[in-house]
2 protein chains.
Amino acid sequence: MATTLNDVARAAGVSRSTASRVLAGTKRNVDPALADRVFQASAELGYRTNAVARALRTQRTRMIGVVVPSLQNAYFANVVHSLSSEISDHGGGLLVAASEDQPEVERERLLGFRDSIVESLVVVPTSRVNSGPAINEVAESLPVVQLDRYADGVEAPYVGINNRLAVQLMVTHLRSRGYERLLFLGADEESSAGGERIEAFKVYKGSGDEIRVVPSFSVEAGRAAAIEIMEHSELPGAVVCSADVLAVGVFSTLQHQGVSIPEQVAVTGFDDTQLLELMTPALTTIRPPLPVMAKATIEALADLADGASRATVPAAAQRFDPGLITRFST
Amino acid sequence: MATTLNDVARAAGVSRSTASRVLAGTKRNVDPALADRVFQASAELGYRTNAVARALRTQRTRMIGVVVPSLQNAYFANVVHSLSSEISDHGGGLLVAASEDQPEVERERLLGFRDSIVESLVVVPTSRVNSGPAINEVAESLPVVQLDRYADGVEAPYVGINNRLAVQLMVTHLRSRGYERLLFLGADEESSAGGERIEAFKVYKGSGDEIRVVPSFSVEAGRAAAIEIMEHSELPGAVVCSADVLAVGVFSTLQHQGVSIPEQVAVTGFDDTQLLELMTPALTTIRPPLPVMAKATIEALADLADGASRATVPAAAQRFDPGLITRFST
DNA sequence: CTGAAAGCGCTTACAG
DNA sequence: CTGAAAGCGCTTACAG
């Protein structure tokens, strides 16, 4: 049906080899006159290289699978977006799937990718304790890197942020603005990042500060926490949330109750999603350097692919420094 | 390197044909004893079918490309999510790309997919007037369907919602609750859906109602509109927004200015994104039946693929009825 | 029911 | 610089 390389070669009066060399842009030199004829014939016939055939021959598909907990979560949407712009320059494609926060569906997506055209995988594990086995299984056949979160017992490389620095940045900022009695809202020990942030806050915690662990990274959990906060006789000076979704829940509930922010209490986020700009005033937050992280992830994948043949051991974990985004909630 | 079908066949002591028949699950019957040996050998060797080779042979990749204006927009994230769950049952994959609201990058993404492994395409055109040419170009080689929005001059099938009904539902609801002097906030004539909603409101517009067209579907535009609204001596009874992002901008700005919603003014959204649940109180909105639309989209793609051989003409446009989601902002 | 053979559409040593 | 040939890993008529 469709035009093939054979058709082009015939029309240009050259061999398939030559046609391939000019169309695929091989290094090899080709007589300019012949090349012209090939280009011409190709254009006239509306030739398109069959990507599948090429992939079979070259053993490269340049397709990367991505599994995130959810696409509807603004932060993960940002992660996918960064990955996407990183590889579109690279001439590859991104196959996206969501694990819906369930380890079983995560496993299904992972295995689905493993038996597909995908040649490597990036995963944001949904659960620190339960995501490991499926990731390891799939890592036997494909290069895999963990992004943003890691799962226990997995030796695949990890790219994340320096959560310790993030918390330090935020705490220092708040103290310098005179806020005291910080309330840190941690969540979801199931996620490695969540656990790390709680640990980090313990390091910088002052005597008047407090830590509360809520059941999940969700707006709902933030709302519930806000309601609980209001029941106390005294408001904290600042509510330091370990995720933007939490911050949004806290913020909108407090504001609706008539608490003025930042006058009566400061509220801060974590992740720098667009959600924060929906609030008035906009919230101070931590920005992970997503573009840099995406780049490192893709490179780690490439290293793994090479490593398979060169028997190199790639770096196990890379952490990048986040930035503090100061806005009007502090 | 990797185990191939040949290895399995040899280990099981059968021909490659037989091995293929049992592993690929062809209809053809195979002696159960042989089949067992094949399964066993396959398991022992850790055999994985090479998806690229299979695709080349069967001429099917089951990969669908999706181009949306942005992944960071909650509504499009929902669209992608629906598509994704529709096809993951189908045993296919979704390649995702964002056009960043620019027709030129949309064209680039579209062409990129056309020269890739993707076998069909769904696009949410970024511009009604400028997206057409690239879509038509790509539609020459691949089945393409337009989802949610359509571009002028494109004959590829379109799947969308009945915007007329949507507006009617909302207006009827507001009137039944006693709201008068409705202010309709329309936007972005560049998008077909935006234009349709404005036209629809004109149909149901009462004498005390008003239409304002803002420059874009964005939170910023909503904020600006809210500020303008506050400058008038009298507030409208309800602000009917033609997108959730607009509603969020209007809502959060009004609320921050001390206007109480819905007592002083009602605010409604359009799209049913999760954004609305971030607000307190949550907003009334219109819900497009995304799962149904995703299903229709995938089917339209399949029809197009068949049509290529059967010379059938598929339905040009399918519209689905949205629902009204009543919450506390009205 | 089974196997030998052809072929999907490319790219790339290899020989000239 | 160019072409004939091999081969990537499968599936599927075709013959038995």
Side-chain angles (χ1 to χ4, degrees), chain A residues 1-39 41-42 45-63 91 114-119 141-142 309, chain B residues 1-39 41-42 45-63 91 114-119 141-142 309:
Chain A
M1 279 262 17
T3 314
T4 118
L5 187 62
N6 255 323
D7 303 330
V8 176
R10 198 176 311 127
V14 300
S15 71
R16 208 162 66 219
S17 321
T18 301
S20 171
R21 287 195 269 258
V22 356
L23 263 13
T26 318
K27 292 109 230 265
R28 307 263 325 236
N29 291 331
V30 173
D31 181 324
L34 289 195
D36 268 1
R37 271 158 48 200
V38 172
F39 280 127
S42 166
L45 299 176
Y47 172 70
R48 313 254 75 91
T49 301
N50 180 319
V52 174
R54 170 177 285 172
L56 178 59
R57 176 61 229 233
T58 60
Q59 304 282 56
R60 280 190 68 27
T61 65
R62 296 179 173 285
M63 294 295 152
R114 183 251 260 137
D115 293 335
S116 83
I117 238 145
V118 148
E119 74 184 8
S141 352
L142 255 49
S309 40
Chain B
M1 281 264 16
T3 313
T4 119
L5 187 61
N6 255 325
D7 303 330
V8 176
R10 197 174 313 126
V14 301
S15 72
R16 207 164 65 219
S17 320
T18 301
S20 171
R21 286 195 270 258
V22 355
L23 262 13
T26 318
K27 292 109 231 266
R28 307 265 323 239
N29 291 331
V30 172
D31 181 324
L34 289 194
D36 268 1
R37 271 158 49 199
V38 172
F39 280 127
S42 167
L45 299 176
Y47 172 69
R48 312 253 80 89
T49 301
N50 179 318
V52 175
R54 170 177 285 171
L56 178 59
R57 177 60 230 234
T58 61
Q59 303 282 55
R60 282 191 66 28
T61 65
R62 296 180 173 286
M63 293 295 152
R114 182 252 258 138
D115 294 334
S116 82
I117 239 145
V118 147
E119 74 185 8
S141 354
L142 256 49
S309 39

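The chains referred to below are lettered A, B, ... by the order of the sequence lines, with proteins before strands, and numbering in each begins at 1. For clarity, every value in this text was computed on a predicted model and none was experimentally measured.
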| request: Determine which bases of DNA chain C form Watson-Crick or G-U wobble pairs with both distances under 3.5 Å, and write the result as a 5' to 3' dot-bracket string with | for other-strand partners. | output: |||.||||||||.|||
| What pairs with S15(B) under side-chain hydrogen bond (donor to acceptor under 3.5 Å, both in side chains), at least two apart in sequence or on another chain? |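 With neighbours one apart ignored, the set is T18(B).
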From the list [options], which nucleotide is the closest neighbour of the side chain of [X]?
X      : options                  : answer
A24(A) : dT2(D), dC10(D), dT11(C) : dT11(C)
T58(A) : dT12(C), dC1(C), dC10(D) : dT12(C)
R57(B) : dC8(D), dG9(C), dT11(D)  : dT11(D)

Atom-to-atom span, [atom1] of [X] to [atom2] of [N] - whole angstrom:
X       : N       : atom1 : atom2 : value
I117(A) : dG9(D)  : CD1   : P     : 15 Å
L56(B)  : dG7(D)  : CG    : P     : 17 Å
R60(B)  : dG9(C)  : CZ    : C1'   : 18 Å
R62(A)  : dT11(C) : CZ    : P     : 13 Å
L45(B)  : dG9(D)  : CG    : C1'   : 15 Å
L5(B)   : dT11(D) : CG    : P     : 7 Å

| query | Which ones in residues 48-55 of chain B lie close to DNA chain D, meaning a heavy atom under 4.0 Å from one of its atoms? | reply |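 R48(B), N50(B), A53(B), R54(B) - these, ordered by number, are the residues of the stretch whose heavy atoms sit under 4.0 Å from the strand.
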| message | Please confirm whether the shortest side-chain N or O distance from Q59(B) to OP1 or OP2 of dT11(D) is below 4.0 Å. | response |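 So the side-chain polar atoms of Q59(B) never come under 4.0 Å of the phosphate oxygens OP1 or OP2 of dT11(D).
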| Going by heavy atoms in the side chains, are L23(B) and V38(B) under 4.5 Å from each other? |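 Of all side-chain heavy-atom pairs linking V38(B) with L23(B), at least one is under 4.5 Å.
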| Non-hydrogen atoms of V52(A) and L56(B) that approach each other most closely |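 Taking every non-hydrogen atom into account, CG1-N, 3.5 Å.
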| said: Test: salt bridge (charged side-chain N to carboxylate O under 4.0 Å, His left out). Region: residues 2-23 of chain B. Which pairs qualify, not counting sequence neighbours? | reply: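 Pairs touching residues 2-23 of chain B that pass the test: D7(B)-R10(B).
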| said: D115(A): which residues meet the salt bridge (Lys or Arg N to Asp or Glu O under 4.0 Å) condition with it, sequence neighbours left out? | reply: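 Partners of D115(A) under the salt bridge (Lys or Arg N to Asp or Glu O under 4.0 Å) test: R48(B).
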Partner set under side-chain contact (heavy atoms from CB on, under 4.5 Å) for [X], not counting sequence neighbours:
X      : answer
A41(A) : V8(A), A11(A), A12(A)
R57(A) : none
R54(A) : A24(A), T49(A), T58(A)

| field | Nearest-angstrom distance, C1' atom, dG16(D) to dT12(D) | value |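 So the two C1' atoms sit 16 Å from each other.
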| said: Using the P atom as the point on both nucleotides, what is the distance between dA5(C) and dC1(C), in whole Å? | reply: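 Taking atom P in both dC1(C) and dA5(C), they lie 23 Å apart.
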| For DNA chain C, the residues among residues 8-22 of chain A that have a non-hydrogen atom under 4.0 Å from it |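 The stretch gives R16(A), S17(A), S20(A), R21(A) as the residues lying under 4.0 Å from the strand, ordered by number.
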